[in-house]
Q: 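The structure that follows is given in the form of structure tokens.
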Amino acid sequence: MSTETGRETLGFQTEVRQLLKLMIHSLYSNKEIFLRELISNASDAADKLRFEALASPDLLGEDTDLKIRIESDKDNNTITVIDNGIGMSRDELVEHLGTIARSGTSEFLQQMTGDQQKDAQLIGQFGVGFYSTFIVADKVVVESRRAGLPADESVRWESDGQGEFTIENIERSERGTAVTLHLKEGELEFVEPLRIENLIRTYSDHIAFPVTLTSATEKDQEPKLVNAATALWTRSRSEIDDDEYKEFYKHLSHDFSDPLTWSHNRVEGKREYTSLLYIPANAPFDLWNRDVPRGLKLYVQRVFIMDDAEQFLPLYLRFVKGVVDSSDLPLNVSRELLQQNPELTAMRNALTRRVLDMLGKMANKAPDDYAKFWGEFGQVLKEGVVEDHGNVDKLAGLLRFSSTHTAGDAQDQSLQDYVERAPKDQDKIYYVLAENHATAAASPHIEGLTDKGIEVLLLTDRIDAWLVDSLREYDGKVLVDVGRAGIELPEGEGKITQEAMDDEHKPLLKKVKKVLKDRVEAVQVSRRLVESPACVVAGESELNPQLRRMLEASGQSLPESKPILEINIKHPLVMRLSAVTDDKRFGEIANIVLDHALLAEGSQLDNPAEYVKRMNALLLELDSNVASG
Ligand code: ADP
């Protein structure tokens with residue numbers, strides 16, 4: 001390090017290096033987004049300064065008009081974005097423009113395929129940012145002075161985006177940050193004032209701060225104001241077109257895909273606030289990390305207060321992006337104060353309903369968009385049924401499932417669809433829980449129902465067992481697990497009682513129970529099986545086996561429970577079993593029947609080796625039959 005200027009060369013964090021490479025490659029066809037990203041950063045920096053200045057007005061000094069300047073220089077092929085916002089100290093520069101702090105980044109980057117279009121989509125989920133400058137520049141210089149620090153504690157950061165950057169101390173009279181792009185040979189279009197002006201109008205018109213443009217070759221010209229310079233959400237809905245809403249979303253989210261839908265509202269009266277809420281088209285890479293910052297951007301009377309104000313929406317709506325601007329909250333509100341604010345619960349409830357209504361509207365008016373939404377965020381929305389009892393009815397209408405009515409494994413059926421298709425006198429909604437779609441669709445448990453043309457929901461998401469437990473019913477129809485003992489089928493055999501049926505086959509049931517007594521709770525005649533010889537079901541008060549497996553996997557120890565074995569009395573295998581007189585033989589076949597029932601349901605066998613031995617013995621016999629026959 002040279003002592004005079006503290007010049008140092010540092011390496012980018014590995015993840016930054018990877019991201020830089022990928023970004024240049026995969027975002028090339030969207031290369032002009034760098035300008036939006038720089039202006040967004042500049043606007044955030046101005047927002048942050050204004051916020052800090054609430055507590056320390058000295059930070060603003062004489063330089064009170066927050067603004068963003070863009071200078072193009074045709075002689076040197078540079079474009080510079082300058083703000084008089086919060087600025088960065090030396091340490092902040094190294095941290096912000098040398099590392100990526102988000103956890104899970106390296107796993108995320110490993111998913112990149114090399115396919116430009118797919119990767120661009122993925123990077124969109126990650127959020128593009130400052131590094132997009134290297135798509136068009138072969139050298140980027142950042143000069144910054146943190147608000148509150150003296151001129152000689154300013155810093156210059158410089159990099160060619162190849163793996164290293166240098167940092168040194170400089171003197172800078174102005175507060176804030178200037179980012180200069182030395183454009184690559186082929187990217188000189190971005191030095192043309194007209195091109196820049198167009199880009200600003202398209203991408204950054206709605207930024208709350210003025211954006212001006214000057215050209216270094218036309219020195220005597222006044223800086224030209226290029227954008228509207230009013231925050232988008234403060235304007236009235238009728239004046240804003242869809243493209244403006246979309247661009248504002250991209251500014252907020254650093255996502256470069258369009259949002260699926262949005263909702264912009266002003267609430268007046270006792271409580272006054274404006275909200276602009278967006279549903280993204282793609283899940284962010286860290287959707288499943290429940291600790292990741294989330295929530296809305298909070299403004300109070302147009303002054304930015306905080307990012308990720310998670311208090312305004314429940315956790316299961318963590319994918320929503322947007323802004324809340326309150327007229328009533330105090331300007332000095334902090335996360336802690338916010339939590340205690342009596343207004344908060346009411347706002348949170350109203351915003352939650354707003355999001356659910358927006359989703360309901362999308363489901364009705366744009367089912368294709370809703371299907372896309374469901375694919376990305378459906379599992380998260382399901383958490384709401386478990387966590388937000390007050391909104392269960394609204395949420396129930398938004399759920400989508402796969403069912404025996406679905407072609408393939410898409411989750412495309414609503415409970416309403418089910419109810420409308422079901423015969424009028426069917427007062428239940430049937431479902432089966434399984435590890436995956438194939439197991440659910442082939443489950444012996446549903447045979448009796450599908451045979452009678454009754455639809456069964458096929459539930460395969462981890463959260464489904466909890467979901468049905470919380471939901472319980474829809475439109476007056478009780479949700480029924482077909483994997484449980486004692487289910488009542490709507491018609492036919494349902495009229496004969498279980499006892500009567502069991503009585504009829506008592507000797508066989510008793511004999512099977514005797515050989516399987518350590519493995520099953522009871523043996524019953526099945527009314528649901530058609531093609532399978534047997535199935536296992538959970539007792540009415542037992543945990544569902546799906547749920548049991550999940551709880552056990554998470555380390556909980558549960559009291560041992562044995563399933564009930566149901567046998568299909570009309571199945572040839574069972575008929576043969578009842579004809580076997582040799583006890584040893586009877587025991588072997590009965591055990592295999594149970595093993596198969598467990599396997600079909602997705603359970604693991606307690607003693608697979610034992611099963612294989614039994615099966616091999618049987619196959620050998622078959623072989624000797626063939627040989628001798
Ligand atoms: P993001 O904006 O998504 O956080 P970036 O890579 O664009 O990611 O920027 C990283 C960080 O660098 C920002 O979060 C911010 O703290 C800092 N930064 C970038 N540009 C500026 C700027 N003009 N003024 C102050 N800080 C900035």
Side-chain angles (χ1 to χ4, degrees), residues 12-13 15-20 22-24 27 33-53 59 63 66-71 79-103 105 108-109 123-137 140-149 153-159 161 165 167 172 174-181 203-204 207-209 211 249-256 280 284-286 292-294 297 304 306-308 321:
F12 285 117
Q13 186 195 18
E15 283 86 347
V16 176
R17 239 173 282 173
Q18 279 174 293
L19 187 70
L20 276 167
L22 285 158
M23 210 165 243
I24 294 166
L27 291 186
I33 55 169
F34 78 89
L35 192 59
R36 180 187 74 213
E37 295 301 314
L38 289 179
I39 294 176
S40 272
N41 283 349
S43 150
D44 290 348
D47 265 343
K48 284 181 198 154
L49 175 63
R50 198 157 58 175
F51 173 68
E52 285 196 13
L59 288 179
D63 190 7
L66 299 177
K67 56 184 184 294
I68 300 163
R69 279 156 44 215
I70 303 193
E71 288 179 7
I79 170 172
T80 304
V81 177
I82 306 155
D83 67 69
N84 57 350
I86 192 75
M88 284 175 275
S89 66
R90 185 173 175 129
D91 288 349
E92 284 168 335
L93 249 178
V94 172
E95 188 185 320
H96 294 322
L97 305 187
T99 61
I100 305 173
R102 294 166 71 183
S103 69
T105 303
F108 164 76
L109 288 169
I123 289 192
Q125 291 171 33
F126 184 81
V128 285
F130 170 81
Y131 300 116
S132 62
T133 50
F134 287 103
I135 307 174
V136 295
V140 178
V141 178
V142 182
E143 295 190 347
S144 195
R145 175 173 162 196
R146 176 74 163 85
L149 290 181
E153 286 189 38
S154 308
V155 261
R156 174 187 288 126
W157 176 105
E158 195 180 310
S159 177
F165 61 92
I167 186 147
R172 190 168 194 271
E174 286 177 83
R175 173 195 67 224
T177 305
V179 181
T180 301
L181 275 58
Y203 287 133
S204 309
I207 300 284
F209 303 97
V211 179
Y249 164 77
K250 293 174 184 174
H251 155 70
L252 267 182
S253 63
H254 298 275
D255 182 351
F256 79 108
F285 78 100
D286 48 11
V292 150
R294 64 190 168 88
K297 242 181 198 248
F304 166 79
M306 64 178 86
D307 276 317
D308 316 312
K321 301 268 182 225

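Each ligand, and each atom within it, is numbered from 1 in the order the structure gives.
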Q: What closest approach, in Å, do I82 and A178 show between heavy atoms, and which atom pair accounts for it?
A: CG1-CB, 3.9 Å
Q: Given the ring of F256, does R36 sit roughly above its face, with NZ or CZ under 6.0 Å from the centre of the six-membered ring and within 45° of the axis?
A: no
Q: Does ligand 1 have an atom under 4.0 Å from some heavy atom of E37?
A: no
Q: Strictly less than 4.0 Å: does any protein heavy-atom distance to atom 24 (N) of ligand 1 fall in that range?
A: yes
Q: For the pair F12 and Y131, name the ring-plane relationship: parallel under 30°, tilted 30 to 60°, perpendicular over 60°.
A: perpendicular
Q: Counting heavy atoms only, name the option from H96, R102, R146 that's nearest to atom 16 (O) of ligand 1.
A: H96
Q: For ligand 1 and D83, I'd like to know whether there is a polar contact (N/O to N/O, distance under 3.5 Å).
A: yes
Q: What's the verdict on salt bridge (charged side-chain N to carboxylate O under 4.0 Å, His left out) for D307 and K297, showing C-alpha distance, side-chain angles and the deciding distance?
A: CA-CA 5 Å; D307 276 317; K297 242 181 198 248; 3.5 Å; yes
Q: Does an N or O from N41, backbone or side chain, lie closer than 3.5 Å to an N or O of ligand 1?
A: yes
Q: Closer than 4.0 Å and a protein heavy atom, does any atom meet both conditions relative to atom 14 (O) of ligand 1?
A: no
Q: Parallel under 30°, tilted from 30 to 60°, perpendicular over 60°: which one fits the rings of W157 and F165?
A: parallel
Q: Of all the atoms in ligand 1, which lie at a distance below 4.0 Å from a heavy atom belonging to G129?
A: 7 (O)
Q: Looking at atom 21 (C) of ligand 1, what's its closest protein heavy atom, distance included?
A: M88 CE, 3.7 Å
Q: Can you find a protein heavy atom closer to atom 4 (O) of ligand 1 than 4.0 Å?
A: no
Q: Minimum heavy-atom separation for T133 and L181, please, with both atom names.
A: CG2-CD1, 3.9 Å
Q: Out of the candidates R145, R69, R146, K67, only one should pair with E174 under the salt bridge (Lys or Arg N to Asp or Glu O under 4.0 Å) rule; please name it.
A: R69
Q: Measure the distance from atom 6 (O) of ligand 1 to every protein heavy atom, then report the residue, atom name and distance (to 0.1 Å) of the closest one.
A: F130 N, 3.3 Å
